[in-house]
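Input: a single structure, listed below in structure tokens.
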Amino acid sequence: MARDRNLFKMLVNRLLDRLARLPVGAELGSEGELAAELQASRTTVRAVLTHLAEAGLLSWEGRRKVVLRAPSPSDRFDEGETRPRQELVEEPFLAWVLQGDLPPGTLLHESDLARRLGVPVATVREFLIRFEPFGLIEKQPNRHWVLKGFTRAFAEEMFAVREMFERHALRGLLAAAAPGGPLRADLESLRAEHEALSAGPEEELTAFPALDARFHRLLCRAAHNRFILDFSRTISIIVHFHYRWNKRDELRRNRAALNEHLAIIKAVLAGDAPGAAAALDAHLATAYRTLMTSVTWADA
């Protein structure tokens, strides 16, 4: 059985979506093909197949996996049960970082964070460990962590990877957000939120970083690559945390990025691949300049 029950339940729902598009009697592919499609290990895929076979949705004998009936709503897990454990920490932690003014040197206590975020201490520890190699957080004795800075050289390397990943992900978003595509409704919803924020009072632009994180997460989801998605989550927190250290021109920066997002979103929804690529390149150039001028560098 999968080690992460939330991940297991999410993959069950994904495979149910696949079964819903197949006629009764159709055969599924090999375990290797399913593992690649679901971006999961073969062990996890076998656990999912076992669950669906026990539910009477398919027969599984040797290499043959035959659909026995169409899925029903009762076969699915609720959305709240399908979020990976790290996401249960990621979003509230990001919200806390963006809403608070946490200076360099702030102490983080695993037990305090666990209570604040409503998750086990072990989950908090796993989450914080992700940031140690990036230089954002340093482990101290007695389950304490310290928020640190990062160097200009590291930022240069990080941004080079971000550009490569997001340009690759854009091709996937153009396909997934085409009419009838799986991400079109999500992107249209993001467009509406961007337009509402743009039309609202200037002071509400302080809410933009959370919207920015969601836009880039959706973009990276379209790549269907777990490494790109995990990288985007980590970098989102690092970048936005450091933006908060220097509030100079914060609203102006947010307004500019908001408009650049809208240019990308509108081009993608229109199916304009060259326009979307040009808009993304412009946004990445602005983001690079913003990062380099907004951070008080530890090595300056």
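Take E163 and apply the side chain to side chain donor-acceptor pair (under 3.5 Å) test, not counting sequence neighbours, and it matches no residue. For S189, the side-chain contact (heavy atoms from CB on, under 4.5 Å) partners two or more places apart in sequence, or in a different chain, are E193. For R116, the side chain to side chain donor-acceptor pair (under 3.5 Å) criterion is met by no residue, not counting sequence neighbours. Residues passing the side-chain contact (heavy atoms from CB on, under 4.5 Å) test with E204, sequence neighbours excluded: L197, P201. For I129, the side-chain contact (heavy atoms from CB on, under 4.5 Å) test picks out R125, W145, with sequence neighbours left out. Listed by chain and number, the residues in a salt bridge (Lys or Arg N to Asp or Glu O under 4.0 Å) with E31 are R46 (sequence neighbours excluded). By the salt bridge (Lys or Arg N to Asp or Glu O under 4.0 Å) test, R191 pairs with no residue at all, sequence neighbours left out. With sequence neighbours left out, the side chain to side chain donor-acceptor pair (under 3.5 Å) criterion links N259 to no other residue. R64 pairs by the side chain to side chain donor-acceptor pair (under 3.5 Å) definition with E27, not counting sequence neighbours. Residues that satisfy the side-chain contact (heavy atoms from CB on, under 4.5 Å) test with E202, not counting sequence neighbours, are L205, L251, R255.
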Any chance you could lay out the side-chain contact (heavy atoms from CB on, under 4.5 Å) test for V124 and L108, step after step, and finish with the verdict?
CA-CA 11 Å; V124 168; L108 301 177; over 6 Å; no

V45 vs L11, side-chain contact (heavy atoms from CB on, under 4.5 Å): CA-CA, chis, key distance, verdict
CA-CA 8 Å; V45 167; L11 294 175; over 6 Å; no

Please step through side-chain contact (heavy atoms from CB on, under 4.5 Å) for the pair M164 and F159, ending with a clear verdict.
CA-CA 9 Å; M164 178 175 61; F159 214 89; over 6 Å; no

Can you check side-chain contact (heavy atoms from CB on, under 4.5 Å) on V146 and T106, steps first, answer last?
CA-CA 6 Å; V146 180; T106 296; over 6 Å; no

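Using a cut-off of 4.0 Å between Lys/Arg side-chain N and Asp/Glu carboxylate O, D17 and R76 are scored as salt-bridged. D186 and R217 are not joined by a salt bridge, as no carboxylate oxygen comes within less than 4.0 angstrom of a charged side-chain nitrogen.
Under the 4.5 Å side-chain heavy-atom criterion for ILVMFWY residues, no single connected hydrophobic cluster contains both L262 and L211. Hydrophobic cluster membership is shared by L219 and L269, with clusters built from Ile, Leu, Val, Met, Phe, Trp and Tyr side chains linked at under 4.5 angstrom.
Remark: E61 CD is loosely packed, at most 12 non-hydrogen atoms of other residues, nucleotides or ligands lying under 6.0 Å away.
Between the R221 side chain and the L229 main chain, no donor and acceptor come within less than 3.5 Å of each other. With K266 contributing its side chain and I264 its backbone, the two residues share no donor-acceptor pair below 3.5 Å. Between the side chain of K65 and the backbone N or O of S30 there is no donor-acceptor pair closer than 3.5 Å.
How far CZ of F77 is from CG of N13: 7.0 Å, rounded to the nearest 0.5 Å. For the atom pair CG (L28) and CG (L22), the distance works out to 6.5 Å, reported to the nearest 0.5 Å. Going from atom CZ of R115 over to atom CG of L113 covers 9.5 Å, rounded to the nearest 0.5 Å. In this structure, the separation between NE2 on H51 and CG on L58 is 10.0 Å, given to the nearest 0.5 Å. Interatomic distance, S59 OG to L68 CG, rounded to the nearest 0.5 Å: 4.5 Å. Atom CD in E126 sits 10.5 Å away from atom CD in E110 (nearest 0.5 Å).
Taking both residues in full, the closest heavy atoms of D281 and R167 are given as OD1-NE, 2.9 Å, listed atom of the first, atom of the second, then distance. When all heavy atoms of P71 and L57 are compared, the pair lying nearest together is CA-CD2, 3.6 Å. The nearest pair of heavy atoms linking F231 to M158 is CZ-O, 3.7 Å. Here the shortest heavy-atom pairing between G275 and A267 reads C-CB, 3.8 Å. Closest of all the heavy-atom pairs between P209 and T206 is CD-O, 3.2 Å. Of all heavy-atom pairs spanning V24 and R69, the tightest one is CG2-CA, 4.0 Å.
With a 4.5 Å cut-off on side-chain heavy atoms, D212 and L258 do not count as touching. W60 has its side chain out of reach of V66: every pair of non-hydrogen atoms, C-beta onward, lies at least 4.5 Å apart.
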Which pairs of donor and acceptor atoms, one on a side chain in residues 169-183, lie under 3.5 Å apart (sequence neighbours left out)?
from	atom 1	to	atom 2	distance (Å)
R171	NH2	H168	ND1	2.9

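A donor-acceptor contact under 3.5 angstrom links the side chains of S74 and S72, judged on distance only.
Judged as a ring pair (Phe, Tyr, Trp, His ring centres under 6.0 Å), the pairs with a partner in residues 254-285 (not counting sequence neighbours) are, in order, H194-H261, F208-H261, F215-H261, H216-H261, H216-H283, H261-H283.
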